[in-house]
Amino acid sequence: MIALLLKEAKKDSDISGPIMAIGGAEDKTPHSKILKRFFELAGGKDCDITVVPWASELKEAGENYKKLFTDFGAKKIFLLKKKSREDFLDAIERSAAVFFVGGDQKKLLDAIEELDLVHEIKVYHKKGTLIGGTSAGASILGTHIPYWSDKEEKMIYYRGLDLVPNSIIDQHFTQRNRKKRLEEGTSRFQDSTGYGIDEDTAIIFYPDGKKDEIGNGNILTIKSKD
């Protein structure tokens, strides 16, 4: 099935879904502009959405998103608490959108890589699936993931899903004073663009190259220097 989808995607290379990266701590009430926009981009009423809470240690992680999207009018929410390749592929095949919950981006990345899902996520995105995430779930959408290692006491960069090419996506930006680390990241990787996203703020990347911002904070864009 995946091979077939990849073959079809190559035939129509202009088709791909939008990307929504949220800076974390977004409004999760029924009045949420950001999450309502994600729901609308997924197709609105009667759409199916996959929610992936693997970045979090909390047992109840993802439940609030499931309830909110359901209240908005989603037909089915696949809340994947169990780390299962089979369950993920079944859910994403039936969904219009995938939403990655926040937590620890390395924990989330490890789960995706261990289940060998990077390629499949890219294939479905190429076919038009909306991919989004908040906090750690936003960082993995970029090319390079900034990650502070307490064990090694230094910043480490991991390879992300690269759904936003040549990018570094950082979150909780102003609230955690992360401008310096984003500047260091973009200077480290040539031709990269850094996006520093405040809490309760999101950036949407469209297939045609256009971008849209939504929320109550700011987004700082930093380009690497030649």
Side-chain angles (χ1 to χ4, degrees), residues 16-28 33-35 37-38 41 52 54-56 98-113 118 121-122 125 130-226:
S16 59
I19 299 292
M20 177 183 277
I22 306 170
E26 71 282 358
D27 179 13
K28 299 179 184 64
K33 293 181 180 179
I34 292 174
L35 296 176
R37 183 69 171 275
F38 181 87
L41 287 170
V52 183
W54 299 342
S56 178
V98 176
F99 187 88
F100 292 103
V101 176
D104 184 314
Q105 53 259 49
K106 182 63 167 56
K107 178 180 172 65
L108 175 57
L109 182 65
D110 285 347
I112 291 173
E113 291 183 338
V118 174
I121 292 170
K122 290 183 176 181
H125 171 249
L130 164 66
I131 309 290
T134 182
S135 190
S139 285
I140 68 161
L141 305 177
T143 308
H144 310 287
I145 303 174
Y147 184 79
W148 174 259
S149 172
D150 289 329
K151 182 178 180 180
E152 299 186 38
E153 295 186 344
K154 66 177 183 179
M155 185 65 66
I156 299 175
Y157 289 88
Y158 293 99
R159 182 73 177 183
L161 296 178
D162 196 29
L163 296 178
V164 182
N166 303 315
S167 70
I168 301 173
I169 298 175
D170 212 343
Q171 15 75 21
H172 302 284
F173 192 66
T174 299
Q175 290 77 16
R176 300 186 185 178
N177 299 311
R178 288 178 168 173
K179 182 180 179 181
K180 182 178 180 181
R181 87 171 190 178
L182 189 59
E183 289 175 337
E184 291 174 346
T186 53
S187 66
R188 176 171 178 169
F189 298 102
Q190 189 175 6
D191 299 324
S192 65
T193 300
Y195 299 94
I197 311 172
D198 283 353
E199 294 179 353
D200 196 30
T201 308
I203 182 170
I204 305 168
F205 301 89
Y206 293 99
D208 60 3
K210 294 181 180 179
K211 304 178 187 67
D212 196 10
E213 299 180 9
I214 184 172
N216 295 314
N218 297 304
I219 297 173
L220 179 66
T221 301
I222 301 176
K223 293 185 177 294
S224 63
K225 298 179 181 179
D226 297 331

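Atoms considered below: every heavy atom in the structure, side chains included; atoms not considered: hydrogens, waters and symmetry mates. Predicted, not measured: the structure shown is a model, and the values here were computed from it.
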Is there a donor-acceptor pair closer than 3.5 Å between any side-chain N or O of Ser224 and the backbone N or O of Asp191? yes

Would Ile140 and Tyr158 count as a side chain to side chain contact (heavy atoms under 4.5 Å, CB included) if you check the C-alpha gap in whole Å, the side-chain angles of each, and the deciding distance to 0.1 Å? CA-CA 9 Å; Ile140 68 161; Tyr158 293 99; over 6 Å; no

Between Arg159 and Thr143 the two heavy atoms that sit nearest each other are NH1-CG2, 3.1 Å

Residue pair Lys33, Asn216: steps toward the side chain to side chain contact (heavy atoms under 4.5 Å, CB included) verdict: CA-CA 10 Å; Lys33 293 181 180 179; Asn216 295 314; 5.6 Å; no

Lys210: salt bridge (charged side-chain N to carboxylate O under 4.0 Å, His left out) partners, not counting sequence neighbours: none

Step by step, work out the side chain to side chain contact (heavy atoms under 4.5 Å, CB included) result for Leu161 and Val118. CA-CA 6 Å; Leu161 296 178; Val118 174; 4.1 Å; yes

Test of understanding: with side-chain hydrogen bond (donor to acceptor under 3.5 Å, both in side chains), list the residues that count as partners of Ser56, not counting sequence neighbours. none

Closest heavy-atom pair, Gln171 versus Arg178, reported as atoms and distance to 0.1 Å, is O-NH1, 2.8 Å

Identify the two heavy atoms, one from Asn218 and one from Thr201, that lie closest to each other, and give their separation to 0.1 Å. N-OG1, 3.9 Å

Taking only residues two or more places apart in sequence, or in another chain, which ones meet Leu220 in a side-chain contact (heavy atoms from CB on, under 4.5 Å)? Phe173, Lys179, Ile222

Closest heavy-atom contact between Pro165 and Asp162? CA-OD1, 3.4 Å

Please examine the side chains of Asp212 and Arg37, heavy atoms only from C-beta on, and report whether any two atoms are closer than 4.5 Å. yes

Start with the C-alpha gap between Leu182 and Ile168, add the side-chain angles, then the distance that decides, and say whether side chain to side chain contact (heavy atoms under 4.5 Å, CB included) holds. CA-CA 8 Å; Leu182 189 59; Ile168 301 173; 3.8 Å; yes

Salt bridge (charged side-chain N to carboxylate O under 4.0 Å, His left out) involving Lys107 - partner list, sequence neighbours excluded: Glu57

Check for a donor-acceptor pair, side chain of Glu213 on one end and backbone N or O of Ile219 on the other, with a separation under 3.5 Å. no

Starting at NZ of Lys223, measure out to OG of Ser167 and round the result to the nearest 0.5 Å. 10.5 Å

For Lys122, what residues pass the side-chain hydrogen bond (donor to acceptor under 3.5 Å, both in side chains) criterion, not counting sequence neighbours? none

Tell me every residue that passes side-chain contact (heavy atoms from CB on, under 4.5 Å) with Ile34, counting only those two or more places apart in sequence or in another chain. Met20, Ile22, Glu26, Ser32, Asp200, Ala202, Ile214

Gln105 to Ser139 - nearest heavy-atom pair and separation: NE2-OG, 4.1 Å

Contact list for residues 137-151, test salt bridge (charged side-chain N to carboxylate O under 4.0 Å, His left out), sequence neighbours left out: none

CG/Leu108 to CD1/Ile145 distance, rounded to the nearest 0.5 angstrom? 8.0 Å

Specify the closest pair of heavy atoms between Leu35 and Asp27, including all atoms of both residues, with the distance to one decimal. CD1-O, 3.6 Å

Spacing of Thr221 atom OG1 and Lys211 atom NZ [to the nearest 0.5 Å]: 7.5 Å

Contacts of type side-chain hydrogen bond (donor to acceptor under 3.5 Å, both in side chains), residue Tyr157, not counting sequence neighbours: none

Which residues pass the salt bridge (charged side-chain N to carboxylate O under 4.0 Å, His left out) test with Glu153, not counting sequence neighbours? none

For Lys180, give me all partners under side-chain contact (heavy atoms from CB on, under 4.5 Å), at least two apart in sequence or on another chain. Glu184

Measuring from Phe100:CZ to Ile121:CD1, what's the distance to the nearest 0.5 Å? 4.0 Å

Listed by chain and number, what are the side-chain hydrogen bond (donor to acceptor under 3.5 Å, both in side chains) partners of Asp104, not counting sequence neighbours? Tyr147

So CD1 of Ile169 and NE2 of His144: to nearest 0.5 Å the spacing works out to 11.5 Å

Would you compute the distance between atom CG of Asp170 and atom CZ of Arg176 and round it to the nearest 0.5 angstrom? 9.5 Å

By side-chain contact (heavy atoms from CB on, under 4.5 Å), which residues pair with Thr174, not counting sequence neighbours? Asp198

